[in-house]
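Some notes on the structure that comes next.
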Amino acid sequence: TLDGDHTIGNINFTVNNNRTYIINSGTPSTSVLNLQVSSGTPSVNVIAGASAGFLTINAPVDGTQGLTKAGIGTLVLGGINTYTGTTTLSLGNLVVNGSLASGSPVIVNNTGTQPGLGGFGTINSGVTLNSGGTISPGNITLVGTAPAPQVGTLTAGSLLWNGGGNMSFQLGDPSSAANSDELALNGALTAGTAGAFNFTFTQNTGFSTSASYTLVTFTSSSGFSASDFGGAPSGMAFQLGSSDLSLVPVPEPATLALL
């Protein structure tokens with residue numbers, strides 16, 4: 001718990017035995033954590049060893065040099081963060097449950113088998129998804145001994161999706177949009193470098209191949225067609241509209257004959 005504003009450089013945090021550590025604002029409640037290094041970009045290194053580890057920073061993070069998330073563990077940013085400069089996810093998971101400032105674009109690099117970038121908050125700038133990186137909308141929590149994505153909506157300014165980047169979505173009962181993941185963009189969805197643009201879907205209770213699911217909403221899209229996306233469940237296909245990318249049922253042959 002912070003007892004006032006504090007300025008520090010890099011954060012190296014070792015979290016073992018599936019634990020979660022939390023940094024709150026404390027007294028006063030407006031206490032800010034300012035990240036500043038003599039050169040380069042401040043890093044938050046969450047070292048988790050062989051087991052999962054979480055560091056949650058609910059205090060607002062300020063600064064002008066950006067932030068690099070390192071280490072196999074999970075960093076959760078739960079406050080209204082005002083720091084500017086690029087936020088880079090280079091390893092492990094980054095969860096935005098609060099907000100990032102408009103001056104802090106996010107880069108998602110190779111996160112291996114981890115959920116990658118998640119959260120139910122707002123990234124007020126653009127996101128770049130690179131090859132090997134993953135976006136998993138919704139909170140990421142500790143379940144047993146591993147970080148596990150939960151259902152939710154992540155909001156961002158825009159998305160530049162480079163080939164080889166992955167999307168991981170959970171889809172559930174279509175009676176409510178709250179039962180499934182969504183990525184809500186306040187700007188454009190743009191295709192970057194060539195490659196595969198794949199989704200991985202987890203079919204939760206109530207999932208139906210006869211229903212339609214909105215995956216990504218946007219104000220415009222560039223460089224994509226529906227056939228570019230992979231990973232649709234059997235009996236379903238991607239549909240790219242003027243303001244959203246959806247997963248829809250494939251019409252039965254008899255239905256097609258009537259069209």
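Just so you know, these numbers come straight off a predicted model, no measurement behind them.
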Residue set satisfying side-chain hydrogen bond (donor to acceptor under 3.5 Å, both in side chains) with S208, at least two apart, ordered chain then number -> S210

Test side-chain hydrogen bond (donor to acceptor under 3.5 Å, both in side chains) applied to S242 - qualifying residues, sequence neighbours left out:
none

Considering only heavy atoms from C-beta outward, does the side chain of [X] approach that of [Y] to under 4.5 Å?
X    : Y    : result
L89  : N109 : no
P115 : P149 : yes
N124 : S99  : yes
V127 : I135 : yes
F13  : Y21  : yes
L91  : I72  : yes
P174 : Y213 : yes

Could you report the tightest heavy-atom contact between [X] and [Y], atom names first, then the distance?
X    : Y    : answer
F201 : A232 : CE1-CA, 4.2 Å
G119 : N97  : CA-OD1, 3.3 Å
F207 : P233 : CZ-CG, 4.1 Å
N58  : G78  : OD1-CA, 3.5 Å
T134 : S168 : CG2-CB, 4.0 Å
S104 : G85  : OG-O, 2.8 Å

Atom [atom1] of [X] and atom [atom2] of [Y]: how far apart are they, to the nearest 0.5 Å?
X   : Y    : atom1 : atom2 : answer
T20 : L142 : OG1   : CG    : 5.5 Å
I11 : L33  : CD1   : CG    : 5.0 Å
N10 : Q36  : CG    : CD    : 11.5 Å
F54 : T141 : CZ    : OG1   : 6.0 Å
I57 : S25  : CD1   : OG    : 11.0 Å
S43 : L75  : OG    : CG    : 11.0 Å

Do [X] side-chain atoms and [Y] backbone N/O form a donor-acceptor pair below 3.5 Å?
X    : Y    : value
N162 : T193 : yes
K69  : V44  : no
T56  : I22  : no
Q150 : A148 : yes
N81  : G79  : yes

Which residues share a ring-ring contact (aromatic ring centres under 6.0 Å, His included) with F120, sequence neighbours left out
none

The ring-ring contact (aromatic ring centres under 6.0 Å, His included) partners of F169 (sequence neighbours excluded) come to F199

Are side-chain N/O atoms of [X] and [Y] paired as donor and acceptor at under 3.5 Å?
X    : Y    : answer
S225 : S227 : yes
T41  : T68  : no
N198 : N166 : no
T74  : N93  : yes

Acceptor/donor pairs from residues 178-187 side chains to any protein atom, 3.5 angstrom cut, sequence neighbours excluded:
| unit_1 | atom_1 | unit_2 | atom_2 | d |
| --- | --- | --- | --- | --- |
| N179 | ND2 | D173 | O | 3.0 |
| S180 | OG | G172 | N | 2.9 |
| D181 | OD1 | G152 | N | 2.8 |
| D181 | OD2 | Q170 | N | 2.7 |

Honestly curious: do [X] and [Y] fall in one hydrophobic cluster under the side-chain, below-4.5 Å linking rule?
X    : Y    : value
L35  : V32  : no
L154 : I107 : no
V96  : L159 : yes
L100 : L160 : no
F197 : L117 : yes

Apply the side-chain contact (heavy atoms from CB on, under 4.5 Å) test between T217 and each candidate in L189, L245, T153, D244; give the one that qualifies.
D244

If the test is side-chain contact (heavy atoms from CB on, under 4.5 Å), which one of N204, T202, L215 qualifies with L171?
L215

With a 3.5 Å cut-off and sequence neighbours excluded, list the donor-acceptor pairs that the side chains of residues 59-67 form with protein atoms.
| unit_1 | atom_1 | unit_2 | atom_2 | d |
| --- | --- | --- | --- | --- |
| D62 | OD1 | T82 | OG1 | 3.1 |
| Q65 | OE1 | V37 | N | 2.8 |
| Q65 | NE2 | V37 | O | 2.9 |

Do other residues, nucleotides or ligands put more than 12 heavy atoms under 6.0 Å from I80 CD1?
no

Return the orientation label for the F229 and W161 ring planes: parallel under 30°, perpendicular over 60°, tilted otherwise.
tilted

